[in-house]
Amino acid sequence: MHISQRVRLLTPALTLSVSARAKAMQNRGIDVCNFSAGRPEFDTPDHIKAAAQRALDEGKTKYGPVGGEPELREVIAHKLRTENGLAYTAENVAVNNGAKHALFNLMMVLLEPGDEVLIHAPYWLSFPEMVKLAGGVPVLIETDLASGYKFTPAELERAITPRTRLLIFNSPSNPSGAVFTPEEIRGIAKVIVDKKLLVVSDEIFEKIVYDGAEHVSIGSMSPEAFARTIVVSGFSKIYSMTGWRVGYMAGPVEIINAVISAQSHSTSNVCSFAQYGGVAAYTDERSSQCVEQMRQAYVQRRRAMMDLLADVPGLRCRMPEGTFYLFPYIGDTGMRSVEFCEALLESQKVAAVAGAVFGADDHIRLSFATDLEVIEKGMKRLASFVRSLS
């Protein structure tokens with residue numbers, strides 16, 4: 001049977017397959033320490049669940065507006081105005097089936113065949129694949145451990161060609177945990193404006209930052225940058241709502257209307273009652289406390305995993321400034337990431353994600369969005385595995 005070339009060229013989402021393999025092993029009774037999942041292990045806060053239940057009880061179970069429930073669109077716009085310094089109104093917002101869906105929709109409406117999209121590597125694995133599906137060409141701006149996984153305005157400018165359409169910018173960054181400073185973002189925004197590009201700013205981890213790191217939206221740097229920015233975010237990581245599939249984008253009305261039009265021919269509206277959970281997440285005063293409680297747990301787990309990683313010979317890692325991932329460099333072991341992760345899972349029952357899927361084959365990604373007992377046990381197993389290589 002013929003499968004289209006656009007799909008045959010895709011790289012499988014190994015983060016999901018590794019997590020599924022680890023889960024299958026656990027279901028067979030095998031003691032697996034799973035550091036592969038990109039999701040919080042906390043339950044969704046009760047007041048958010050209660051809001052969705054009320055919506056169900058009130059009969060909000062029918063088809064809704066393709067662009068999102070009006071109340072949620074207004075709440076999102078208010079949040080972006082008051083917290084992020086972005087002068088959006090409800091008409092600048094579209095609600096999508098998760099931030100991933102928002103990103104996919106944007107690639108479909110913004111790109112023509114052959115358009116180049118700049119992506120800083122290591123990157124979230126779906127960025128280049130979405131670009132390719134839309135007929136675009138992903139162009140990587142390489143970063144590394146020494147640079148703190150950040151690129152400079154000069155490096156951005158050198159990567160621009162006459163075919164460049166937009167930059168996908170991710171801070172806090174998955175998988176590296178890098179958070180760009182306001183000054184660094186200001187320099188990047190200037191290049192975007194000077195070169196008349198668009199920037200898609202993935203801000204899904206904006207509230208999960210540490211040690212005084214500050215999340216700043218690139219669109220808040222200047223009115224000119226604001227006009228060229230499309231913000232993508234959602235509720236999954238910050239509010240532990242990964243299964244709810246409620247995300248959004250905000251940007252120029254012309255782009256938002258194009259996305260809504262495209263979405264009307266694919267998924268139509270997002271789950272009606274789930275959107276009222278999003279309203280509660282952004283309006284209920286209990287949300288801030290719940291988010292901070294989860295963030296403080298990540299602070300403790302991040303420190304524990306980093307301390308234990310110090311006992312693993314041959315691995316090097318920067319302290320992440322955001323997200324809930326460590327991104328250790330494994331190049332000194334002499335192994336590539338897929339081989340490393342497969343052997344680690346087979347011999348020690350520890351699941352990690354190969355850095356190859358993020359464009360960094362000399363790294364692995366470890367999630368600390370799990371409990372301290374698993375972190376301690378799994379990191380000891382990782383140390384045993386690395387010592388066995390020598």
Side-chain angles (χ1 to χ4, degrees), residues 16 37-84 86 88-106 108-109 202-204 206-207 230-251 253-294:
L16 298 179
R39 59 177 178 80
E41 53 92 20
F42 302 105
D43 193 10
T44 304
D46 287 342
H47 67 278
I48 296 174
K49 292 191 291 183
Q53 184 61 59
R54 283 194 302 273
L56 277 169
D57 294 341
E58 293 168 2
K60 293 183 171 69
T61 59
K62 312 301 182 185
Y63 292 134
V66 173
E69 294 294 326
E71 184 178 358
L72 180 57
R73 293 176 75 181
E74 181 54 55
V75 162
I76 291 168
H78 180 266
K79 182 267 182 196
L80 293 171
R81 287 195 304 271
T82 57
E83 292 188 12
N84 301 90
L86 302 170
Y88 292 126
T89 64
E91 67 175 354
N92 297 107
V93 174
V95 180
N96 317 101
N97 291 281
K100 179 182 280 191
H101 186 222
L103 289 161
F104 179 84
N105 283 344
L106 281 169
M108 297 302 290
V109 304
D202 180 346
E203 303 183 10
I204 193 70
E206 65 170 312
K207 293 183 184 294
I230 307 102
V231 173
V232 170
S233 194
F235 302 90
S236 59
K237 310 296 187 183
I238 294 170
Y239 299 95
S240 196
M241 295 172 64
T242 52
W244 292 60
R245 308 318 299 143
V246 182
Y248 62 84
M249 66 177 72
V253 171
E254 182 181 8
I255 293 174
I256 297 303
N257 287 342
V259 165
I260 292 173
S261 178
Q263 187 163 300
S264 73
H265 294 291
S266 57
T267 61
S268 296
N269 65 282
V270 175
C271 175
S272 299
F273 54 86
Q275 293 183 61
Y276 290 90
V279 171
Y282 275 179
T283 59
D284 193 300
E285 62 184 13
R286 290 169 288 186
S287 293
S288 296
Q289 181 179 3
C290 292
V291 170
E292 182 59 16
Q293 287 174 343
M294 287 187 276

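A quick note: this is a predicted structure, and the numbers were derived from the prediction, not measured. Below, all heavy atoms of this structure are taken into account, side chains as well, without hydrogens, waters or symmetry copies.
- Between K60 and E71 no salt bridge is recorded (no basic side-chain N to carboxylate O distance below 4.0 Å).
- Side chains of P65 and R73 form no contact here, defined as non-hydrogen atoms less than 4.5 Å apart.
- In summary, K79 and E203 do not engage in a salt bridge, as defined by a charged side-chain N under 4.0 Å from a carboxylate O.
- Within 6.0 Å of atom NE2 in H78, 12 or fewer heavy atoms from other residues, nucleotides or ligands are found, so the atom counts as exposed in its surroundings.
- Here the side chains of S287 and P45 are not in contact, with every heavy-atom distance at 4.5 Å or above.
- Using the six-membered ring where Trp is involved, Y282 and F235 have ring planes that are tilted, between 30° and 60° apart.
- When atom types are taken as modelled, the side chain of N92 and the backbone of T89 share a donor-acceptor pair closer than 3.5 angstrom.
- The backbone N or O of Y88 lies less than 3.5 Å from a partner atom in the side chain of R81, making a donor-acceptor pair.
- For the pair N84 and V231, the minimum side-chain heavy-atom distance is 4.5 Å or more.
- Contact annotation: the side chain of M249 approaches that of I256 to within less than 4.5 Å [non-hydrogen atoms, C-beta and beyond].
- Between the side chain of T242 and the main chain of S236, no donor-acceptor pair closer than 3.5 Å is present.
- Formation of a donor-acceptor pair under 3.5 Å by the S288 side chain with backbone atoms of E285 is not found in this model.
- Between N96 and V259, the closest side-chain pair of non-hydrogen atoms falls below 4.5 Å.
- Side-chain N/O atoms of Q275 and N269 include no donor and acceptor closer than 3.5 Å.
- The side-chain heavy atoms of S272 and E69, taken from C-beta on, include a pair separated by under 4.5 Å.
- Salt bridge status for D57 with R54: absent, with no side-chain N to carboxylate O gap under 4.0 Å.
- At a threshold of 4.5 Å between non-hydrogen side-chain atoms, the residues W244 and I48 count as touching.
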